[in-house]
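Since the structure is predicted, the reported quantities are computational estimates derived from the model, not experimental observations. To find a chain, count down the sequence lines: A is the first, B the second, and so on, and within it residues start at 1.
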Amino acid sequence: MNGYDCFMQSMDWELRREGFPGFLAQIVLELEGRLSEDALRASVDRIVGHFPVLRSRRRRALPYFYPYWSFDPDSFATPYPRIRTHVLSDAKGDGEGEATDVERSRLHLEIFNVPLDAKGGELLRFDLISRFDRTDLVMTWHHPLMDSQGAEKLLALVARPELEGPEIWREGENFANSYTQRLLVKKTFKERMAESRGSLENVSACSRPAPVSLYAGRRASAGRRQGFHVVRFSPEETRAIAANASALCGALRTSDYFLWATLVELDRLQRRMDVATPSYVITLPVDMRPKGGRGALFSTQESTLFYHIDAETLADRDKVLESLRAQTTQAIRKDWLRSFLYGMEISRPFPAWFFMMMSRNAMKGEIGSLFFANIARNSANLTEFLGSRILDFSHVPAVAAPPGIGVFFYRFGDALKCTIVYVEGMLSEEDAEMFAEGLKSLLLRPDQAEGPDRADSC
Amino acid sequence: MPEPAELEAELIAWLAREIFDSSIELSPQTDLLAAGFDSMSLVRLLVFIEEKYGTQVAEDEVTEEVLRDVRSLAPFLAELIGSGS
């Protein structure tokens with residue numbers, strides 16, 4: 001496991017400590033027609049046979065105590081990955097539309113909150129939800145195993161039953177070409193400490209003044225489950241948003257535009273919830289794979305940028321966008337992406353609780369205000385799964401608490417999508433919907449946010 | 001001011017080394033965006049230009065048209081470098 005995997009593992013530990021199911025992530029497909037469990041099982045077994053890591057357990061060993069995935073002889077006997085089929089009441093064509101939608105949403109939420117037995121070797125799980133003329137496929141994975149791009153690639157392998165052995169290997173590079181081999185020169189501990197200093201100092205600087213997350217402010221009402229809300233944009237809305245982003249932020253800078261809108265809406269939400277904060281810190285994962293290639297499938301191949309915005313600044317859109325741009329440029333100029341990875345690598349021998357303690361200390365008790373990602377395009381370009389047309393595609397990753405809220409943008413075909421994940425109880429469904437509608441409205445009409453009224457607290 | 005052809009070669013070498021996978025055969029006509037060039041790639045490119053030539057290029061001056069391929073990008077950057085922006 002590389003350093004970033006260890007960071008993800010520490011977030012899994014933190015979530016379990018807080019009573020949540022753990023740090024898992026999902027891709028949800030809506031498929032045309034019915035997909036049989038047998039067909040899925042055959043394809044999954046074929047892929048798992050090539051990648052034994054999918055049934056492995058995490059171990060540590062002397063002399064350095066670095067964690068690694070271990071496939072033991074026992075691993076053959078595990079029942080993992082499990083495939084479960086759920087049949088909705090309209091599966092025989094006699095259900096009522098609205099009731100079925102409610103039933104389907106509830107089931108998705110339940111599945112999202114079922115933990116994986118990662119210690120026992122369960123790193124992957126599939127759920128099929130059979131409806132009258134559709135099937136929902138939910139792939140859930142232990143997030144420390146792979147990032148969202150890796151998961152999309154794995155799902156793409158399962159989706160294609162025609163792939164043979166060498167093709168599977170060719171399409172799905174395993175741990176080769178990992179960022180540790182490409183980007184980090186082997187150095188002594190002292191040298192790695194020196195390399196990591198820049199980004200870690202930036203993380204500390206971001207916490208001055210320290211942000212107060214929604215989770216910290218609403219901890220008493222926060223439950224131990226996570227909910228999610230998916231926002232769908234039509235192709236026309238997607239084009240309009242892309243044009244707005246280009247006009248305000250320049251070519252390609254959609255992340256800045258999404259970040260700005262997310263910050264404004266988060267500020268509105270926190271003020272509605274009476275959770276005052278002097279500043280916001282948002283993390284942005286950056287894929288470190290070389291562009292255009294396959295890249296490593298397993299093992300997180302990301303680094304992280306940290307953005308700090310004073311709450312008072314949010315009233316001025318141009319100032320926020322300029323600040324985001326300046327912070328990105330500074331991070332690249334000072335090579336903080338690579339510096340951060342050195343920091344992660346230093347932490348590998350430490351247990352998860354220690355790693356998380358260090359992270360919380362650096363951020364004065366918080367980990368950030370909100371998790372954010374702009375996954376951009378569906379990297380695997382999935383349009384069919386085992387012969388069934390894919391009608392919809394969603395990313396649903398759990399978020400660490402604190403901060404207990406995450407906003408993830410991605411694309412399916414020519415449509416932009418956004419998943420908002422939140423701790424139940426900390427926010428109600430209505431709060432999450434209001435946040436989502438506000439975000440959508442702002443992205444489409446950025447001029448309506450001429451300064452959030454900071455005097456107007458609910 | 002670097003000649004566009006010279007800058008073109010320099011850009012291709014840099015892109016091959018810093019941005020793209022070795023499986024991508026870069027040419028002056030390679031569609032950069034289709035090959036995966038993204039916003040972070042753009043920031044890295046502009047930092048490279050600034051460090052190499054001492055020229056700051058404002059991001060909002062770089063359009064998708066300019067980023068179509070290296071053949072479009074090189075003369076655009078060469079002109080800015082030459083004017084000492």
Side chain, backbone, both or neither: which part of [X] has an atom under 4.5 Å from a heavy atom of chain A?
{"X": "B:Leu15", "answer": "neither"}
{"X": "B:Glu51", "answer": "side chain"}
{"X": "B:Val62", "answer": "backbone"}

Rounded to the nearest 0.5 Å, how far apart are [atom1] of [X] and [atom2] of [Y]?
{"X": "A:Lys291", "Y": "B:Ile24", "atom1": "NZ", "atom2": "CD1", "answer": "11.5 Å"}
{"X": "B:Leu42", "Y": "A:Thr328", "atom1": "CG", "atom2": "OG1", "answer": "11.0 Å"}
{"X": "A:Leu252", "Y": "B:Ser41", "atom1": "CG", "atom2": "OG", "answer": "8.0 Å"}
{"X": "B:Met40", "Y": "A:Leu305", "atom1": "CE", "atom2": "CG", "answer": "5.0 Å"}
{"X": "B:Leu46", "Y": "A:Arg333", "atom1": "CG", "atom2": "CZ", "answer": "10.0 Å"}
{"X": "A:Ile332", "Y": "B:Glu50", "atom1": "CD1", "atom2": "CD", "answer": "12.5 Å"}

(request) Kindly determine whether A:Arg253 and B:Val43 satisfy side chain to side chain contact (heavy atoms under 4.5 Å, CB included), including the steps that lead there. (result) CA-CA 10 Å; A:Arg253 298 302 299 231; B:Val43 177; 2.7 Å; yes
(message) Looking at A:Gln330, I'd like to know if its CD atom is crowded, meaning that more than 12 non-hydrogen atoms belonging to other residues, nucleotides or ligands lie closer than 6.0 Å.
(response)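 Atom CD in A:Gln330 is crowded, with more than 12 foreign heavy atoms closer than 6.0 Å.
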(message) Is it the case that over 12 heavy atoms from other parts of the model lie below 6.0 angstrom from the NZ atom of A:Lys187?
(response)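 Yes, the 6.0 Å shell around NZ holds more than 12 heavy atoms from other groups.
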(message) With chain A as the partner, which of B:Ala58, B:Gly36, B:Ala34, B:Ser23 has the greatest number of non-hydrogen pairs under 4.5 Å?
(response)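 Highest number of pairs under 4.5 Å: B:Gly36.
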(message) Could you report the tightest heavy-atom contact between B:Asp21 and A:Gly292, atom names first, then the distance?
(response)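 Result for this residue pair: CB-C, 4.2 Å.
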